[in-house]
Amino acid sequence: MVLYTDFGLRDGAVSEMKGVAYGLAPDLLISDLSHENQSDIFEGAYRLFQTAPFWAKGTVFVTVIDPGVGTARLSIVLKTKAGHYFVGPDNGLYTLIAELEGIEGVRKIDERTNRRPGSEQSYTFHGRDVFAYTGARLAAGLISFEQVGPEIPAASLVTFKYQKAERKGVVITGMIPVLDVQYGNVWTNVSQKLFDELKIKKGERVRVRTFHDGKQVDDLIAPYVNTFGDVPVGQPMIYINSLMNVSWALNQGDYAAARKIASGEGWSVEITRAPK
Amino acid sequence: MVLYTDFGLRDGAVSEMKGVAYGLAPDLLISDLSHENQSDIFEGAYRLFQTAPFWAKGTVFVTVIDPGVGTARLSIVLKTKAGHYFVGPDNGLYTLIAELEGIEGVRKIDERTNRRPGSEQSYTFHGRDVFAYTGARLAAGLISFEQVGPEIPAASLVTFKYQKAERKGVVITGMIPVLDVQYGNVWTNVSQKLFDELKIKKGERVRVRTFHDGKQVDDLIAPYVNTFGDVPVGQPMIYINSLMNVSWALNQGDYAAARKIASGEGWSVEITRAPK
Amino acid sequence: MVLYTDFGLRDGAVSEMKGVAYGLAPDLLISDLSHENQSDIFEGAYRLFQTAPFWAKGTVFVTVIDPGVGTARLSIVLKTKAGHYFVGPDNGLYTLIAELEGIEGVRKIDERTNRRPGSEQSYTFHGRDVFAYTGARLAAGLISFEQVGPEIPAASLVTFKYQKAERKGVVITGMIPVLDVQYGNVWTNVSQKLFDELKIKKGERVRVRTFHDGKQVDDLIAPYVNTFGDVPVGQPMIYINSLMNVSWALNQGDYAAARKIASGEGWSVEITRAPK
């Protein structure tokens, strides 16, 4: 079971969830994805998209990025065609992983059977009382996917809209879903496969323009290389990141800080071959 | 074994403790409660009170919130009537969990037998040399509770004083033991059960006044509801939190930051039905 | 398997590594040393020196403090005479642990066999594709040390130079490798054994002068005691830390912040008996 929340680690919330889970299944493997999300559904969606493919089939992700806890949003379990389970709120958090892995089924959690006994009067900590409880039982095989609750149509899964990557002639447009936050590298949703359609070779120069809410905020020309060490320290480079998407960075520098670039909705990019 | 310290995670101290523990018992389950406590015994006591009840009987908590390391304070193991063990300094950290779960027994750690071999000349890292060593051996069944060391009277356990929740007529007084730090929600030690004696119904308005060292710093009137989504975004509400205590919050806002409210000793509250 | 990186925990990088490792060996023990290193090789080297001796023989440390990822630096596995394995970049990170534990052998990772299948086109995340992959297989016994790749001479291991502790007459010189960051205590690389050659008894006063790039920045005279509680709150003391090296601190204060002392290359110390 992999945990991903916006709870932070200073207080006891995550440990309450783990106590509940181990209490149900003492031999369960529990691993933390992160607890530092800032209630940001877009970033949350991307981190699931980024990490889930590296986990074994059958892994259960309990994901509590849930700014709407206590509202009418559904509590669900998504099963993807890759065999991963996602337990959490139906608030858009599964937009990207559902696209990537495909939807095998979605079930609404029936809280009459899938809720920590004794928690019926508690309305504010679904992470512990519903999601960790249900996720641990699912991961340990104490309930099947079918026993989660009634099936709901895949098409009803809440998703957000965002700018998909596409090529029109010699121009590719896309967006910046997240930064590689620790280093300030800029990641896009433009795949190497799409980028290759521009037929730019390693060593050739690329132009990338960045827009925030439609207004240009950066205009970069840099060589397309394999990795950081292919340019001098402090110099920019275009490369394919670890998820095989077009990215740019300063070798041993922080591009995003230097150019004041952020990520998420409203951050779009335009990629072309650099003029000669 | 659950670890709770004020060591932070940047340096190697927690990993030294885990290395010692796994060295004694390679199959031990070790789970982190938090390592971000700021040497605050009151908050530490509350986090144990908050989390321990969700862990299985027999769980050993190794707790190193220990501003007095290297002073005459005792090293102890507390066993509660709920069957939880707490290994750490006798400095007040167990005040609230001892009250909640009751004391089954307290033993002074006999450091002649319960200390990492070779650490006799090390005076400053009891977390590694005494507490993790003893906690791991206790959790793995290598020693019994009786083998920890001599029993000491339950009444001699060091505890701190704090303002208990009580009702006098139509007024309930209590305190703010901690904040729900990640979101800025204000938690009190006033239980739902005590609050129910005011016979306030869901939807009715409540007045809560907050005092710091006796001086009023906030005066709130807000509806008593089930959960955040029951009021508009940005509006205040009174609710029962995940530990079933009276709390208040701004829906999707940070009440504590907005009203400059903190927690711990000196932070008291007065709760009444709101005037019509 | 113990993980130590400079990735932070906000993004998904560490979880990608763990997913890869558990996918190869579902029963593997994975424990985090820290992910908060700031790409500081000197501090990284010290944290390995500090923690590894407390872990069992055979433990595999996967260490990704790697500012030069994507340059010509080698990917290696070091086996020490104490039986610990270190998987990571050959960039100096193993300087101190190699000195402490001795080198049993060094092998260059042969990426034709020891690389996550399908990652051949990914150049920027060796932590996931090479180090976690190889470390997990080594820790789980799926490959032997010999199968990592060709042996390289111990003498070719990249190491950094630093000021070793030494005594000349009544003066000991050394350096400040790290701070005890959470509390601001100043740690040196002067061992208790070397310090004892000054024949200073507990309770006697010691003079320690601190230099940054050769310029004196602090001059302290304080008693040599066992532990913090041996001096009044707020007062300085000289003591032997948990790694049995000479250190100083303010009892319940932050010495490094008060005197603006940092650590690493360029921070040297001079220790003598205090004048009468």
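Letters A, B, ... mirror the listed sequences (proteins, then strands); counts begin at 1.
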| query | Within 45° of the axis and under 6.0 Å from the centre of the six-membered ring of Phe145(C), does NZ or CZ of Arg107(C) qualify? | reply |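 Yes - Arg107(C) lies over the ring of Phe145(C), closer than 6.0 Å to its centre and within 45° of its axis.
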| Thr188(A) side chain to Ile176(A) backbone, donor-acceptor under 3.5 Å | no
| message | Main chain of Phe228(A), side chain of Asn251(A): is a donor-acceptor contact present, judged purely on distance under 3.5 Å? | response |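 Present.
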Side chain, backbone, both or neither: which part of [X] has an atom under 4.5 Å from a heavy atom of chain C?
X         : answer
Leu33(A)  : both
Tyr46(A)  : neither
Gln50(A)  : both
Gln38(A)  : neither
Thr51(A)  : both
Asn226(A) : both

| Distance only, no hydrogens: is a donor on one side chain within 3.5 Å (strictly under) of an acceptor on the other, for Thr63(C) and Tyr94(C)? | yes
Could you tell me whether [X] and [Y] have a side-chain N and a carboxylate O separated by less than 4.0 Å?
X         : Y         : result
Asp129(C) : Arg116(C) : yes
Arg128(A) : Glu16(A)  : yes
Lys18(C)  : Asp32(C)  : yes
Glu120(C) : Arg115(C) : no

[X] portion near chain A, given a 4.5 angstrom heavy-atom threshold:
X         : result
Val14(C)  : neither
Ser119(C) : neither
Tyr22(C)  : side chain
Asp27(C)  : neither

| message | Let's test your reading of the structure: which of Thr124(C), Val20(C), Ile30(C) forms the most heavy-atom pairs below 4.5 Å with chain A? | response |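 Of the candidates given, the most pairs with chain A belong to Thr124(C).
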